[in-house]
Amino acid sequence: KAISAQYEPFTQDTMLPDEPEEFDGTLHFNYDGTFKILFLSDFHSDTWLDDKWPKVKTLNLINLMLDIEDPDLVIFGGDTSVDETFDEHKSTLDTVLSVVSDKKIPWCHVFGNHDREGGIDPEELYNYYFNYDYCVSSDVKELDGTGTYYIPVYGYDSDELKYVVWCMDSPDYADEGYYDCVHTDQ
């Protein structure tokens with residue numbers, strides 16, 4: 001017999017400890033010791049401009065992955081918005097980030113090599129992300145890049161640090177014109 005036929009997994013109907021009603025920005029492991037991260041990256045929204053189907057398919061896939069995986073944290077790993085103007089960037093971010101925020105899932109982000117293209121001010125773009133609920137991104141100003149930070153994850157129902165999620169910006173391009181990388185101060 002298949003394993004799935006031999007046991008019944010826990011469901012939301014199973015008696016579980018109460019979850020906090022309001023998210024205070026602090027991440028905790030689940031009661032069963034798990035913490036699931038969903039990493040989404042490289043939507044390359046510039047492909048959305050001429051044809052609506054890549055946008056529809058991308059958003060449907062994001063929704064499907066969020067529903068199936070039920071993550072505790074979503075990390076947007078860059079190249080979410082590959083647009084020419086700040087208004088185009090905002091429009092793309094409004095579309096993508098609202099999907100996760102509306103589901104009340106904590107999320108964070110780092111830039112990819114294309115997010116800052118088109119002469120967009122990285123600080124202004126980075127700060128725009130904070131308009132959305134459930135954003136747990138940060139920025140340690142003393143470190144290189146825009147958006148290098150860590151997120152502590154605590155034990156279930158405790159203040160004991162159990163895990164640290166590091167998010168590091170590898171700036172877009174090095175002085176030589178090639179893609180940049182993580183720097184030693186990070």
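Numbers here are sequence positions counted from 1.
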- Message: Just so I know, are the side chains of Pro71 and Ile105 near enough to count as touching, which here means a heavy-atom distance under 4.5 Å?
- Response: yes
- Item | Sub-4.5 Å side-chain heavy-atom contact between Ser101 and Tyr132 | yes
- Task: May I ask you to test the Ser41-Phe76 pair for a side-chain heavy-atom distance under 4.5 Å?
- Result: no
- Task: Might you work through the ring-ring contact (aromatic ring centres under 6.0 Å, His included) test for Trp107 and Tyr134, ending with a clear yes or no?
- Result: CA-CA 6 Å; Trp107 60 272; Tyr134 299 93; 9.4 Å; no
- Distance from Cys108 atom SG to Ile151 atom CD1, nearest 0.5 Å? 3.5 Å
- Note on the structure: d(Ile37 CD1, Leu27 CG) to nearest 0.5 Å is 9.0 Å
- Partner of His109 under ring-ring contact (aromatic ring centres under 6.0 Å, His included), picked from Tyr128, Tyr129, Phe39, is Tyr129
- Query: Heavy-atom distance under 4.5 Å between the side chains of Ser137 and Tyr149, does that happen here?
  - Reply: yes
- Got a sec, which residues hit side-chain hydrogen bond (donor to acceptor under 3.5 Å, both in side chains) with Thr34, two or more places apart in sequence or on another chain? Asn30, Asp32
- Do Asn131 and Lys90 pass the side chain to side chain contact (heavy atoms under 4.5 Å, CB included) test, and can you show the C-alpha distance, the side-chain angles, and the key distance before you say yes or no? CA-CA 11 Å; Asn131 290 323; Lys90 291 191 310 188; over 6 Å; no
- Message: Would you say that Tyr154 contacts His28 through its side chain, given a criterion of any heavy-atom pair below 4.5 Å between the two side chains?
- Response: yes
- Asp67 bridged to Lys103 by N-O distance under 4.0 Å: yes
- Query: Does a side-chain heavy-atom distance below 4.5 Å link Val165 with Ile75?
  - Reply: yes
- Should Leu38 and Leu73 count as side-chain neighbours, where that means a heavy-atom distance under 4.5 Å? no
- Side-chain donor or acceptor of Asp72 paired with backbone N/O of Lys36 under 3.5 Å: yes
- Interatomic spacing from OG in Ser98 to CG in Leu93 - rounded to 0.5 Å: 10.0 Å
- Taking all non-hydrogen atoms of both residues, which atom of Pro152 and which atom of Leu161 are closest, and how far apart? CB-CD1, 3.5 Å
- Item | Side chain proximity check, Tyr163 to Phe35, heavy atoms < 4.5 angstrom | no
- Query: Could you state the interatomic distance from CG (Leu40) to OG1 (Thr58), rounded to the nearest 0.5 Å?
  - Reply: 10.5 Å
